[in-house]
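Written below as structure tokens is the structure these notes are about.
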4 protein chains.
Amino acid sequence: MVKRGGDIKARILEAAGEVFSRGGFGGARMEAIARLAGVNKAAIYYHLGDKAKLYELVLVSRFRNVAETLERTLDQSPDPAARLDSYVRALAALFSRDLTLPSIMIQELAGRGRTLPGPVLSEMTRILRCTARALGVEGPAASARDLRAVLAHLVIVGSLVFTCLTRPVREKLARAVPAAFGQDLDIEDMVAFLVEMFGRPLGPGLEEGA
Amino acid sequence: MVKRGGDIKARILEAAGEVFSRGGFGGARMEAIARLAGVNKAAIYYHLGDKAKLYELVLVSRFRNVAETLERTLDQSPDPAARLDSYVRALAALFSRDLTLPSIMIQELAGRGRTLPGPVLSEMTRILRCTARALGVEGPAASARDLRAVLAHLVIVGSLVFTCLTRPVREKLARAVPAAFGQDLDIEDMVAFLVEMFGRPLGPGLEEGA
Amino acid sequence: MVKRGGDIKARILEAAGEVFSRGGFGGARMEAIARLAGVNKAAIYYHLGDKAKLYELVLVSRFRNVAETLERTLDQSPDPAARLDSYVRALAALFSRDLTLPSIMIQELAGRGRTLPGPVLSEMTRILRCTARALGVEGPAASARDLRAVLAHLVIVGSLVFTCLTRPVREKLARAVPAAFGQDLDIEDMVAFLVEMFGRPLGPGLEEGA
Amino acid sequence: MVKRGGDIKARILEAAGEVFSRGGFGGARMEAIARLAGVNKAAIYYHLGDKAKLYELVLVSRFRNVAETLERTLDQSPDPAARLDSYVRALAALFSRDLTLPSIMIQELAGRGRTLPGPVLSEMTRILRCTARALGVEGPAASARDLRAVLAHLVIVGSLVFTCLTRPVREKLARAVPAAFGQDLDIEDMVAFLVEMFGRPLGPGLEEGA
DNA sequence: GATGAATGAGGGTTCATTCAT
DNA sequence: TATGAATGAACCCTCATTCAT
């Protein structure tokens, strides 16, 4: 009902991202997407397509946005030493700015990528390649270095995603259980923690080809 | 269809866990659960209840299993120095033995805990308390140490979960993109990585109250 | 709503035949079929399947009934001279007893057999073979005789179908246009006409292999 | 998409005839008609009207064309003996030139004329009157002769329609069942067959008032 | 205890039709 | 005159749930 300005396709895609991010594909209602976008249900089909197509478009646009942002960030960080820092900060910014992104990512993982549309895979590859650049593992890399790069990637992304997504649950826990702790942890804390961890032990190790 | 032995309720709960783990609550079909459990659809209602009740039972039983396993593990690790190691290994074992566990956990996070039944929160608190024990942060802890404990918890769990759940996607990526890397990374690698990272810098830091 | 006795599947199939016979596949409403059969809409899907499957079942059962009736009729008419007569009468009886049969046949023809399910083709072949038997054109027949057999088949079936199906329109015409004629023509008249036509000139012609 | 020359209304009507001829009224999609006519969907409403109106226009124009062609044919056949021949040939030409005509006719019959618009009835009456002329049954005719005239009409039209419309199915049958026969039967064969049948026995019989 | 059958509610999708430009 | 966009009303189909046996 809310007739905000902006391109209608963009409005629908944004609403779809929000709705898909809770409940996943199976839990999303086209009706909910339409209402949130302020358009008629049939308009979704007219402009973008059916539910599966819509889901794919959401995934691709979100992952592409991540890939492009990371690539741009790395391009603007010529100093190899600062790259990791920039990279982690960029990821954290993306995740905390829009919770639907890590939310959707995580749901796809939960589904074991069973229904991952092809175009999404390409974008994920781009992201993985960014991680490699950030960690200084590029070109025909030795597999030992690859392994540590992937490990670092998983730790970084996993930690950031968990930090963002557990926040609502942590707050809920804090309200329900007085003695709980961790409710006032911000993503900035995690960024600092990760940079501290990887800044020293990993950087040199990788540069020396350990 | 598979008429394995064992209690009917247990069979249904296991099947439900499997089905809920993909697609989440919204994507699960009672029909699919019944078929996987080898029982009639109506039997689910007779023995356990409706879909929401079934979901709660699955969540509680899974999280309780995690809590109990971790508590037992910590009880059997009197040496504080070895506790972290045991804890991480126990988590990794739980996650890799049954993918549905991290899968369900992650989906709940994606839903921002919006529909978390009360009993599930209790189990999650138990798990968080285990983490505190593993990190040596017990009792009326200082908040600075708490912060690092929670950070460590998030890094550890997030990394392990990501390692388990990204495996299918990583393999898919490897098949789709020849140049991809990371497909042959095992959870053991991640365990070693985490222990190495936290074994030295974290332990002392925490004990000294840094 | 009318809860007549009898097997529920049979009831649905009969109702479906009636509804499909008007409007064809595209004009049929599952709702209408359910109401006519006196069952819930979902019951159709439970017992028989979706619209396309239902359509196929209707077609197959109707054509199979025709084929079996004709085969039985011919088996019981050992006298070759009387076969044609029995055959035409059997067809006429089938058509006039249940208008949905020629109605559905004709709609499929109108659709150029574009969507004819495979099983239906088999039944149509059986019917064509019956015509051949009725006309005394069996076994390795000469093509000249085949041609006349097919011609006769088309004339017979076409005439009977038209006689049955034009009746409502003829009556409507008679009511609308006082001077119209042909409204009081019965299918018996057509049977007699056809037998008279084919009884003499065709029989000998075929037997002599003209 | 095909932007052929000619009046837009004519283009739409032709496309509508084609689309209505398959699937009937219920199976036709305005979208399909618009696409086939190479016009915008809204243009149909602007130029001709809604779906029901369009259907009526198609029926009337088709039947009127038949009536006018037959009347012209009969006017140009002063010889009563040759009339029947001309008539049958004209019908066969109409049917084989444009399959949509018999196709639409037949679908209306299947619907038991339930939704026949009034103007269509007038055109059908004209056609029936042509048949009467062709058979030499005009004016205040004796009912016995009427009966045979209507019978002949039904046989002739039914046979021609069946010959045209069964052709796709016969070819399909021939492809599916190697032993099938009748696939290479042309409408010319049927015309000859009908003229042969009615040329001798019917003509005299009718003229003598049998 | 167990199950085939039944069904109301709702979900995704299409479609004829209209409207603003 | 022409058309992209918009939409309410179905329509097909599914699903969670219940019930009779």
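The structure displayed is predicted, hence computed values, not measured ones. Reminder, nothing fancy here: chain letters follow the sequence lines and each chain counts from 1.
- What you find for A:Ile104 and A:Val58 is that their closest heavy atoms are CD1-CG1, 3.7 Å.
- Defined by atom type and a distance below 3.5 Å, a donor-acceptor pair is missing between the side-chain atoms of A:Arg64 and A:Ser122.
- Nearest-nucleotide mapping onto DNA chain E: of A:Gly26 and D:Ala28, the residue sitting toward the 5' end is A:Gly26.
- In this structure, CZ of A:Phe25 is placed 12 Å from C1' of E:dG11, rounded to the nearest angstrom.
- Remark: P of E:dT14 and CD1 of D:Ile33 are 18 Å apart, rounded to the nearest angstrom.
- Atom P of nucleotide E:dT13 and atom CG of A:Leu48 are separated by 13 Å, given to the nearest angstrom.
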Anything under 3.5 Å between a protein N or O and an N or O of nucleotides 17-19 of chain E, put it in a table, one pair a line.
residue: E:dT17; atom: OP2; partner: D:Tyr45; partner atom: OH; Å: 2.8
residue: E:dT17; atom: OP2; partner: D:Lys51; partner atom: N; Å: 3.0
residue: E:dT17; atom: O5'; partner: D:Tyr45; partner atom: OH; Å: 3.4
residue: E:dT17; atom: O4; partner: D:Lys41; partner atom: NZ; Å: 3.2

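- Here A:His47 does not reach the OP1 or OP2 of F:dG4: none of its side-chain N or O atoms lies under 4.0 Å away.
- Expressed to the nearest 0.5 Å, how far OG of B:Ser21 lies from CD1 of B:Ile106 amounts to 11.5 Å.
- Base pairing of E:dC15 is made with F:dG8, judged by Watson-Crick or G-U wobble geometry with both donor-acceptor distances under 3.5 Å.
- For the pair B:Arg11 CZ and E:dA2 C1', the computed distance is 13 Å after rounding to whole Å.
- The CG-P distance, from B:Asp7 to E:dA2, rounds to 10 Å in whole Å.
- Mapping C:Ala43 and A:Glu31 onto DNA chain E via the closest heavy atom, the residue that lands nearer the 5' end is C:Ala43.
- F:dA20 and E:dT3 make up a base pair, with Watson-Crick or G-U wobble contacts both under 3.5 Å.
- A donor and an acceptor atom, one from each side chain of A:Arg62 and A:Thr100, are located under 3.5 Å apart.
- Looking at heavy-atom distances under 4.0 Å, A:Ala32 makes no contact with the nucleic acid at all.
- Rounded to an integer number of Å, the gap from CD1 of D:Ile44 to C1' of F:dT1 is 15 Å.
- For the atom pair CG of D:Leu109 and CG of C:Leu99, the computed distance is 11.0 Å after rounding to the nearest 0.5 Å.
- When the side-chain nitrogen and oxygen atoms of D:Arg29 are compared with OP1 and OP2 of E:dT14, none of them lie within a distance under 4.0 Å.
- Taking 4.0 angstrom as the limit, C:Tyr46 places none of its side-chain polar atoms (N or O) nearer than this to OP1 or OP2 of E:dA6.
- For the atom pair CG of C:Leu116 and CZ of C:Phe63, the computed distance is 7.5 Å after rounding to the nearest 0.5 Å.
- C:Arg112 and C:Glu108 are not joined by a salt bridge, as no carboxylate oxygen comes within less than 4.0 angstrom of a charged side-chain nitrogen.
- Note: CD1 (B:Ile12) to C1' (E:dA2) measures 11 Å, nearest angstrom.
- Computed from coordinates, the D:Arg35 CZ to E:dC15 P distance equals 10 Å when rounded to whole Å.
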